[in-house]
Amino acid sequence: MAGMCPYGRFTHAVVRGIPETFGRAWEGGESGVDLAKAQRQFGVLTGALRQKMGLQLIVIPPDPELPESWRVEDLAVVQGDTALITRPFRQQRRSEAEAVRRVVSELNLSVVEMGAEEGGSAGATLEGSDVLFTGREFFVGISSHTNHRGAEVLADTFKDFAVSTVPVCGGSRLKNICSMGGPDTIIISNSNGAKKTLHMMEQLTDHHYEVLTVPEDAAANCVYVRGPSKQDFLLHRPPDECPDSAPAFQKLTDYTLLPTACSEASKLGASLSSFCLLINRKPHF
Amino acid sequence: MTTEVGSETEVKKEPEKEKGEEPAPTADAQPTDSPAPEQENQEVAAPSENTTPEAPEATTPEKKKEEEKEKEGPVKEKGISRFLPPWLKKQKSQTQVTPKEATPLETTPTDGGVATVEGEEEKAEPEQEVGETSPPVEPPVENQEVNGVEVEEREEVKSEEGEKEESHSTGSADTQPAKEEKEECVEKGAEESKPPEEGEQEKEEEAKEEKKEEDKSCKPEGHSILKSPLKLTKKMKVAMCHVMMLDGTKFPCEVEKRAKGQILFFKVCEHLNLLEKDYFGLSYRDNADQKCWLDPTKEIKRQIRNNNWQFSFNVKFYPPDPSQLTEDITRYLLCLQLREDISSGRLPCSFVTHALLGSYSLQAELGDHDSDESRLPDYVSDFTFGSAQGKEMEEKVVELHKSHRGMTPAQADAQFLENAKKLSMYGVDLHHAKDSEGVDIMLGVCSSGLLIYKDRLRINRFAWPKILKISYKRNNFYIKIRPGEMEQFESTVGFKLPSHRAAKRVWKVCVEHHTFFRLTAPEQPPKAKFLTLGSKFRYSGRTQAQSRQASSLIDRPAPYFQRTSSKRISRSLDGAPVINVTDADSGPPFSSTPGENGHDPALELNSDSKDLDKTQDEVLKHQASISELKRSFMEATPEPRPSQWEKRLTASPATSLRLQGPGSFEEEINSLLFNNPASVCSGLATSCSTSRQTAGGDLTQLTAEKTPPRTDLTLPDLKDVSKQAEVEVEETVVIQEVRKTPKLPCPTPELVVTAAVETEQPPQEVEPKVNQEAIQEVEPEVNQEVNEEANPEVKEETRRASMSSESESEEEAEYHPQVEVNTSVNQIREEPEEEEREEKEDQEELKQEEDQEELKQEEQEEDQEEEKQEEQKEEEEKKEEHEVEPEPSELPEPQLPIVETDQSPAVVLASEAVPVAEEEGNTDDPMMTPEEAPNGHVHPQDPAHSEGLPGLVALEEEEVEPRVNGETERHQPQVICCSEPPVVKTEMVTISDTFAAQKTEIATKEVPIVHTETKTITYEAAQLDGGADGEPGVLMTAQTITSESLCTTTTTHITKTLKGGLSETRIEKRIVITGDSDIDHDQALAQAIKEAKEQHPDMSVTRVVVHKETELEEEGEGGEN
């Protein structure tokens, strides 16, 4: 199938800068985030993406009007040459998609609008942080931010792949408790909720995945990229943020581990993957 | 005509003569007998006819040949000849007979009587043939060979036949029949091609019998339609079928109106020159315009209720990995199907994938991209599969097409499939349904299991291994799910379908897919019983494994076929070859055909031999591995083409037993293992039901067809099998030292010394040994059952039980997918009602697992379970200690019927009897707790001792008798149902195997006892459940000899039945020493081992386990040789 290749091949990463309003719109009220620190961490992250992982970085300038716009992962789901522009749960965020839409269009991705189906897909919400693409199939976490209808739109968009829905028991987002750690490896938290989700994924899949369990939820969110010369890169939370999970990552032999701090964003319920939208513009046929 | 008749009669006579049965009946008898169309008649008639001299036969065949040739020969010959290997062709003499049959149309007008005679003759022939040629190998089952087939062969074989006839003093006919059988297998394929009218019925008949009888995997495809010969002649009514091919062409085809689906299907396959046909099927639209699969085993007319004979040829089972298909033509057809699937929307895919697939199709059909731009628009549109995005899609297709330059058509098809197979909906057969809450969902049946979709989202998935039972009732469809790791009980998930028919359709599709993809060999359809209501449907075709095996042997040159754009209907590229085939009826045989087709039969034969080799090696390596077992089963049973199974069914019981035996065993075991014995009786019953069904089905059908079962024959078959098969025998000597621990409910605290000796001995030898052992050691009670045969009965019994419990509605049916043995352990847990029981069961499971480990059967699941169980064990031990109180009791000496192993059914009874005796002591309470159960003797392994389940035992006993009476069932030993025995606490001292080799004598005291002293609660039954020590697919005989202090139980596990003749037999001998403290256990143990060793020099004691019951002060020690 056209887009079917092992997970991890990416050529581009789309990120958006941290606005001064970072943290202000946080639902939980006082988040106590440190803007400067967040921006530093963002800088480290983007540096790793570009210089270590060798991705072409597309940085969308921050917009103070959109305090959460740096969470570009939520705004689109990209697979192969198709980008689905999502409809975030919160109304305020929906205007964030505009910049992302523009970028993916410039990358010659065929853009599918979730909003275009307003009539039929009324009420459909989907955020990219609830979507786990494994290279073989999609898992969509049904969470407070993503509903079945949104998942259906995703399934209609990426017809080649099985799209399975799983409950998100642990975190508020599917990718808060799991992420891809390799072409066939899922990194997942050891929490009870995550176990339930994992169990469901295992039941739903036709494939076999290696599972790397980490004791901390936060550690389960990583960014994996397979470099052009087949190196394995993994962005993960540093030991000082997730001390218990450090040994687990050491199990990933021959990986280039890139500990990347994300403490400020995590205060807002985000994580490493939230910052970036990974795109592969070299489809393998 | 007259000549023909004479020949036929002669043929019949000849075989009988050889047999030496009865001399007498003259030719006259034939006509009289003729009215009786069916096998019975044949049999009867044949003996009478025997008297006729052989000489006439020899002459007649030649004449016949000539005549036949003139009449019809050419046409038929073509089709058959292709498939027939040269050696098969020899049979022409027999073929002579066939022409007669073929001629019936012609002849009938002249003499009705003649026609009838012919029919009889035909029937008679097969029998004769069988008896003559294959007497040793296969019991004489009536072989009805298709005349048509024979006819085809005639020409080529003629010279040979004549020679052979001459050579054989008795008569050529005799020899020929045997040949025919072999040939038939090959021919069956050819038969398909034959003209529907004549050949079909004949073919069918022949096929049935042949299939059964054929040891080797032939691919008989004929249907067995046993109809009176008269009818044949009269009913030559032909229906015109129109089959929509995958390339969009329509294939008109004539079939006899009463033909079964197979006939048509085979014609179509022949038209396509398709050998890997198992993945395909014919479909039709029912009145509700629902797509239905034409059942190959049933008459077409009865399936398509509307009178339009419109069919379409489709892929039925989408191979998960098309690259494993052998022939390009098969892949091409699959490509065509997928194109249709995509264009119809059944197989959704993205734009890019769509374009990519289109470009591969383009490359395959048109070759490299033509730079001539002007052409593009025209042809490209054909390859967009009806994409809505026409222009854009076309451009994309062309763009991609350019990149495929240099790719051959076969490569392009392969690429097409490599991409298409990854689509999530590839091979998923969707059915509308509602879940329990009334929400609209889709059920998707695919190679890996059952998928549940809500809209386009996959919301659940049940892989085949997770599914215990598939059933439907009215418009509900149910699947019973194996409990997960965390769950204790199996759950049943129900779905509501729009109609009863829809529910049944889903059910059938599930059964078929499960069988095809999950099993190595198809299950036999359930036996028809009065009590049995509901569908007995089972997939009767070859499984994917079998199909692969068969296709791996295809060595014909790649068939010529022309790729056609799906939209170009007018241009039937296939035309030439196809036409020839269809026209073959009237046309002269192609000279070339024999060579090409000849491969088929040969191939299959080859496969058998290869398989044998493989199996042996494998067996040596891992005796116990389940996979091998399955394989062996597969191989043992000739690769059944769809028709074969049918044939078997119809065939005489003896043959059927032989062939099916292995399968049934496995199934049975599986059923025992896998199904949850939850409510003990019911659980067992259900679990076993499937297995029983298989065996039963054969029997019933046989009877229905009027074939008298020849029990006598069975013996020879068995022998044959044994001869062919190399048997690995493992003997396990289990020495149990039991102190009289009266209280323990479980009679047998087991300890088992397992001496596993692997010797390659013919199975026959094994039995005698066992007997000897038993006799010597104590009181001779040997129950050795023919493993293979035993299963069916058990199954039936169990089934009955299950049946009774279940509601009887005609509109329901069940199917128990049983594949893996290992998983069974889980199920067992669930069933215990009481917590204690559960715990106990767990322990049992542990034990089973241990046993399995011994056997070297290891599966991950088990491992996991073991861990769990171990944990549980500890807990349980603590708990149960209170429970177990040693109460001194006298060892009851059960009166065990002495049975001799050989094929007598009685054996089974004997085994059962043992349990009964025990039960007497026990309370009737089925769920007896260990405390309740009386301890007495040890019946370590008798599965039959369902002490815990008196109900079951009773059932078995009752039912056994009737069966015995039944014709076929005699030979089938009863299967011992595993019951869940009460738990006995024992201490186990295990002596590692390493020591065993070193020591010759067993010095129990001196033996270094590993003081691991794991206290384990052991269930006797557990072992049994585990497939008798975890050997999957094992049928066992259990003999228990009891003396005051010694109880010896010999259990024979047949792990593998025949695999192409390979079988593995494991004999485990357990010696239980029971007695008061007075007994010198060490001495007794030593003695026992010594005896065992003496008796079986070739065997070794691999393991000695001494279980001491906790209460007892004294312990047992283990010694090793």
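All values below were derived from every heavy atom in this structure, side-chain atoms included, with hydrogens, water molecules and symmetry-related copies excluded. Chain letters run A, B, ... following the sequence lines, proteins first and then strands; every chain starts at 1.
Residues A/Glu127 and A/Arg71 are not paired through a salt bridge, judged by the lack of any N-O separation under 4.0 Å between the basic side chain and the carboxylate. For the pair A/Glu210 and A/Lys251, the salt-bridge criterion is not met [side-chain N within less than 4.0 Å of a carboxylate O]. Electrostatic pairing of B/Arg461 and A/Asp206 counts as a salt bridge here, judged by a charged N lying under 4.0 Å from a carboxylate O.
Taking chain A as the reference chain and counting heavy-atom pairs below 4.5 Å, the highest number among B/Asp455, B/Leu347, B/Leu451 is found for B/Asp455.
Residue A/Thr205 touches chain B through its backbone alone, counting heavy-atom pairs closer than 4.5 Å. Only the side chain of B/Phe462 comes within less than 4.5 Å of a heavy atom in chain A; its backbone stays farther off. Both the backbone and the side chain of B/Asn460 come within less than 4.5 Å of a heavy atom of chain A.
Considering A/Ser274, A/Ser273, A/Ser179, A/Ser129 in turn, A/Ser273 is the only one that fulfils the side chain to side chain donor-acceptor pair (under 3.5 Å) rule with A/Asn221.
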